Structures are given as structure tokens and as C-alpha cells.
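Take a look at the structure set out below.
Below, chains carry the letters A, B, ... as their sequence lines are ordered, and counting in each starts from 1. Quantities reported herein were computed from a predicted structural model and do not represent experimental measurements.
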Protein chains: 2
Amino acid sequence: MARVAEVSVSTVSRAFTVPDMVHPQTRRKVLQAAEELGYQPNRAARGLVTGRTGNIGVVVPDVANPFFSAVLKGCAARARGAQHVVFLADAAEDPRVEAEMVGAMAKQVDGIVLCSPRENSAELHRLVGTSPLVLVNRVEGGLPAVLMDSADGVRQAVEHLAALGHRRIAYLSGPAASWAGEERLGGLRAAAPACDVEAVELGPFPPTFQGGIQATDLALARGVTAVLAFNDLMAIGVLNRLAARGVSVPGQMSVIGFDDIEMASMTTEPLTTVQMPMEAAGRAAVDMLLDDPQPTTELQRWLPTQLIVRSTTAPLPAAPAATR
Amino acid sequence: MARVAEVSVSTVSRAFTVPDMVHPQTRRKVLQAAEELGYQPNRAARGLVTGRTGNIGVVVPDVANPFFSAVLKGCAARARGAQHVVFLADAAEDPRVEAEMVGAMAKQVDGIVLCSPRENSAELHRLVGTSPLVLVNRVEGGLPAVLMDSADGVRQAVEHLAALGHRRIAYLSGPAASWAGEERLGGLRAAAPACDVEAVELGPFPPTFQGGIQATDLALARGVTAVLAFNDLMAIGVLNRLAARGVSVPGQMSVIGFDDIEMASMTTEPLTTVQMPMEAAGRAAVDMLLDDPQPTTELQRWLPTQLIVRSTTAPLPAAPAATR
DNA sequence: GTGAAAGCGCTAACAC
DNA sequence: GTGTTAGCGCTTTCAC
């Protein structure tokens, strides 16, 4: 390459890294030679000497889960904008694999985004030594993190239902160990009394379609007029089971989900849901990893959630006029 | 590291790459020191000298699309099994980005899996020089590829409908440029006459929920008794529109989708669909990239598709007994 | 079985 | 502005 362009290797290097430092004419010569040869600087070799690889790692529990693939998409988009490539690790929901993958990527990336890590506190802190880390959807000690304000989402949902006249609603919780789940529960316990509604906490249930089915019968037995599910998948299960049991939505029962996976708006009854900004979270995480020159910046970045009202929520027929 | 273990760097290297070549006792010493220091060989540096990076690249048009995230998951799983890590590129449905990403990854990977590449033939062949390539869901010149037998899937679907007594069915085509679409059309044109059914080709439509809505009215106007949609997303749109227009499924109209994205089985009417082995395709692609010592192996790997019959297809009420 | 030395492709001083 | 040189962390001859 250097030979073809008739310059030294350093000039080639400079032409790519600090273009203003080489004579415009020389630069042209180099770039043209590169074009002909299809030459591109070897990023791995570059990383070896600069210490910066131009790669960022992303670890998710399951790529096929739309929640995580959305985060991943956000990461990929921002990484590309910053001329970085992303290293993906699918941890298959296994904490050990998670740690192992972080190790494997560590030396090859400038930082790692860990989505909803399943590992325990100690293990997590051990990994920090390996490579800069940013957590998504989990808080842990003093580690930088991107969080979504689930608690506020719950508040919005509860206020919405209360305004519609509902006075007794069920919350269907997801996995017990989930950080987001804790947050939501907290939000619920704060919002319910404030809105003068009674919250019936049910669960934990698996955060799946089946979990929703299972939860529905319990909710029905408790005489609530509205249901707030841990996520959209569960909410869709609820919708299904309610239909099967002849309960009309939103006539007899209002239903709200969480996450807003795309398909939730496509069911026969478009689902009222609390939207989680997953792509934005991915982007924010990469941002924190990359343009954080001074580590004194805010350690946690909170992203707002937003209630999207669709056709599965409606006023209670017997509800008094909203004058109050 | 070498100092801590009190051996030379070469011995450390050997302890990791050719363990049998070092004295068991020395090996223990090295491994133990590595454990203490949390040392792991730098894969990038290793790649520099061996020429093998231990990375494989995967580029998809859109990670958030469940079809591609499934393929990606397959790739990631197999890569991990082969001690490789995957480089992900989300091309954002843009052919130029696709090419650019291939270039960026080329020197850093042992091979690249290109999923449903949007680029033209010439560009694709140009990229081959950069790095070993395996295509998924597209055939192109003499390039190695993993394909799913869509044509056969259509045959199964048509046979199924024919056996149920349907004699006039609509096929809702997706994007005109899609290779898989061409395949399916071919399968349709072969299977329909053979099964004595009349196929009404409609479209192209966008391969989305909306596309399905749009297509439904056309299909209804053509007096068909069954519909075969380009993919599940469209099929769900169809289901929706049919419900809105008061057409009962499967009573008055049978509906079949393609892909089997997970959610298709969760709608109120679980969708009959032709299942595409997306994860398997990802695994196969990585296999072809990695354990292909002799490039004379089969160039194309065909994966079977399978019709999953669920509740959106049923016999035509007026259907004659299947004696014929 | 182990060490010394060369070199993978690149960047970063340091000269000129 | 440009060339020379050292060296990033590793593997791989080639000695011993």
C-alpha cells in the first residue's frame, strides 16, 4: 500500500487519521491508491497501539426478545454514528455465560453495555475491572447505568385508570428478581393511595403470554375492574383469556401493558401500554461509554416512560361524572 | 504475566494455544498466574499474527425485525460454540451501509454472514474479495448461501388448503425485490395447478401489518375462500381487517402466514403458518463459514420449511367430501 | 520443554 | 510535511 502510493507507511497512517497533517496532493495520492487496492486500515492493529479499538460490546440475555433487540438496535445505531462497530453477545439468560462473554470481549472493545444483567452484585463488580461498563435496566452500586422510569409509568397508568373511575385494579408482577419489577411495585405503592385506588398485587408470574393467561383468572376472582400487566406479552395473554371467558374489553375490564413491543398495537384490541424507550436507552448507554471524558458526569441516566392510551382502557360504566 | 509465572512469553503463549507442548507443571504455574491476574490472551493481537481473529461478522437489515433477530440468535449460539464472538452490523435497510459495514468488519473477522442483503449483484461480488461471505436468504452467482425452502412451504400450504376443499386462494406478495418472494411465487405457480386450485396473485404489498389490511379488501373483492400472506405480520393484518369487516375466520375465510414469528401463535386466532427455520439458518451459516476446510462442499444449504396448522384454516363448509 | 528474536499492521514520538 | 524507528501483545521459527 505504502509502496503503491509511493510514500512511507506513516504518511499513509496520517492520511487516514490526521488528514490535515499531510499535503492535500499527497493525501489524494494515498486515498486514490487505497481506493484501487480496496485498502482499509486494520482496526485491530490500530487498537493494539492506540489502546482504543473502535469497538463497543453489547451483552443481552436474549437477542430474540424484542425488548432487547430494540435496545441493541439503539446501541448499533449510535455506535455506527461514532464510527464504532458493535460486538454482540447473547448470554442465553445465563449469568455465567454473561461473565464469560464480557471476559472474551473485554480486550477487544472500548466499553461494554450490559443489558438487564442476571448476575449477582459481586460478580458484576468483579467485571468492572475488565472494561468500562454501562448497565441498562439495572442499578448496582456505583456503576453507571441507563434506567427507564418504570415507576413513573405505573403512576401514569394508575392516574389514567383512576380518572376513568376505576377504584380497584390488579397489578400482575413479573419475575421476582427483576429490578424493573421492583421499581414498578414501588411506583404502584406510591401512586395507588395518592389516586385513591386500591391495588391488588398478584404474582409473580412468568413474563409471558402464558403468564398472562394464568394471571387473568386470579384477577377475575378478585373483582378488579382493571389490570396492569408486567409487560405487553402478559397483557396480550390477559386479553386472550378475558375473551375466552367472555369478559369484554374494555367494557367490563380495562387492560394496560408495559414495554410497547410493536405488535401490541396490532392485536384486535390495540393495547393501552406504558412505552419504554428501549432504543433511546441503547443510544444513551453507548453515549455514556463513549463521550464521557470526565467520569464525574451523572452516573445514572433516567429516561422517561410514557403512557400510550389505546382501546383497551375505558371509563367504568358506573363511573360518576368526572366532576368530583 | 510472563514475569509473574516466571516463564518466558512464548511459554505463556504455548500454555494457552498448545497446552500439550508444555510441561504439565509449568502449565499449571502459568494457568494459575493467569487466574490471579485475570489475564486473558488479547485476541486482537493474536489475530494480527495468526490471521485468524476468532470473530465472525453478521450483518442484518434490521435487528429489531424478529425474523432477523432469530437468525442472529442462531449465529450467536453457533459462534459461541466455536469459541468465536460475533460482530453485529445493523444496516438499517440501506445497501450502502451494508457494504460499508462489511468493509469495516472485514479485517477483524474470519468471515461474514450476510442476511437478506439488499445490495445488487455487482456490489455483492465486489465484497467477496474482502472476506469470506455466506449469504442467508438470497442466492447470488456462485456465492455460498443458506436458503429456506419457501417454495416447498407454499406447496404444503396449497396442498393443505386444497385438501380442505378450497379451490380459489389469494397469494399476497411482499416486496417485489425479495428473493424469498420470487421463490414463493414460483412454488405457488407450480403447486396450484397440481392441486387443482386457482391462485389469485395480489400485490406487491408492504410486508407489514398495514400491508395485510390493505390486501384484505382486494382479496375479499376477488371472491377467494383462503389467503396466503407473504409473512405473519401481514397475515395478522388480514385477520384484523377480516374481523373488522365481519368475515369470520376460519368459517368464511382461511388464512395462512409465513415465518412464524412467535407472536403469531398468540393472537386470538392462532395463525396457521409456514414455519421458517431462522435460528437453524443462522447456525448453518456460521457452520459453513467455519468448518468449511474444503471449499468444494455444497455451495448452497437448503433448510426445510414446515406448515404449522392452527385455528385459522378449516374446511370449506360447502366442500364436497374428500373422496373425489 | 523452553527461551530469544522476528514480525503481524499499525501509530506515535522523533528527526529532518 | 514527510520519513525513520520503536513497540503495542501476541505467535512462531529456530536454537538450545
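Distance NZ (A:Lys107) to C1' (D:dG9): 11 Å, rounded to an integer number of Å. Going from atom CZ of B:Arg52 over to atom P of D:dT12 covers 11 Å, rounded to whole Å. Going from atom CE of B:Met21 over to atom C1' of D:dT11 covers 12 Å, rounded to whole Å. Look at CG on B:Leu48: it is 9 Å from C1' on D:dG9, rounded to the nearest Å. Atom CE of A:Met1 is separated from atom C1' of C:dG9 by 13 Å (rounded to the nearest Å). Straight-line distance from the CZ atom of A:Arg46 to the P atom of C:dC8: 19 Å, rounded to whole Å. Remark: P of C:dG9 and CZ of A:Arg14 are 20 Å apart, rounded to the nearest angstrom. We find that CZ of B:Arg28 is positioned 17 Å from P of C:dG1, with the value rounded to whole Å.
Heavy-atom nearest nucleotides on DNA chain C were determined for A:Phe16 and for B:Asp20, and the one closer to the 5' end corresponds to B:Asp20. Nucleotides of DNA chain C nearest to A:Val12 and B:Ser8 differ in position, and the one nearer the 5' end is that of B:Ser8.
For B:Thr305 (side chain) and B:Asp149 (main-chain N/O), a donor-acceptor pair under 3.5 Å exists by modelled atom type.
A:Ile56 places none of its side-chain heavy atoms less than 4.5 Å from the side chain of A:Arg78.
The side chain of B:Thr26 contributes an N or O atom lying less than 4.0 Å from OP1 or OP2 of C:dT2. The shortest distance between the side-chain N/O atoms of B:Thr11 and the OP1/OP2 oxygens of C:dG3 is below 4.0 Å.
Set against C:dT11, D:dT11, D:dG3, the side chain of A:Val7 has D:dG3 as its closest nucleotide. Of the candidate nucleotides D:dC10, C:dT11, D:dT2, D:dC10 has the atom lying nearest to any side-chain atom of B:Ala45. Set against D:dG3, D:dG1, C:dA12, the side chain of A:Val49 has C:dA12 as its closest nucleotide. Side-chain atoms of A:Ser10 lie closest to C:dA12 of the nucleotides C:dT2, C:dG9, C:dA12. The side chain of B:Thr50 has D:dT11 as its nearest neighbour among D:dT2, D:dT13, D:dT11. Closest to the B:Asn42 side chain, of the nucleotides D:dT2, D:dG3, D:dC10, is D:dC10.
Remark: B:Thr11 OG1 to B:His23 NE2 distance equals 12.5 Å, nearest 0.5 Å.
Judged by atom type and distance alone, A:Arg43 does not reach the base of C:dG9 through any side-chain donor-acceptor pair under 3.5 Å. Donor-acceptor pairing under 3.5 Å, judged by distance alone, is absent between the side chain of B:Arg27 and the base of C:dG1.
Summarising the local packing, CD of B:Glu262 is surrounded by 12 or fewer heavy atoms from other residues, nucleotides or ligands at distances under 6.0 Å.
A salt bridge links A:Asp62 with B:Lys73: the distance from a Lys NZ or Arg NE/NH1/NH2 to an Asp or Glu carboxylate oxygen falls below 4.0 Å.
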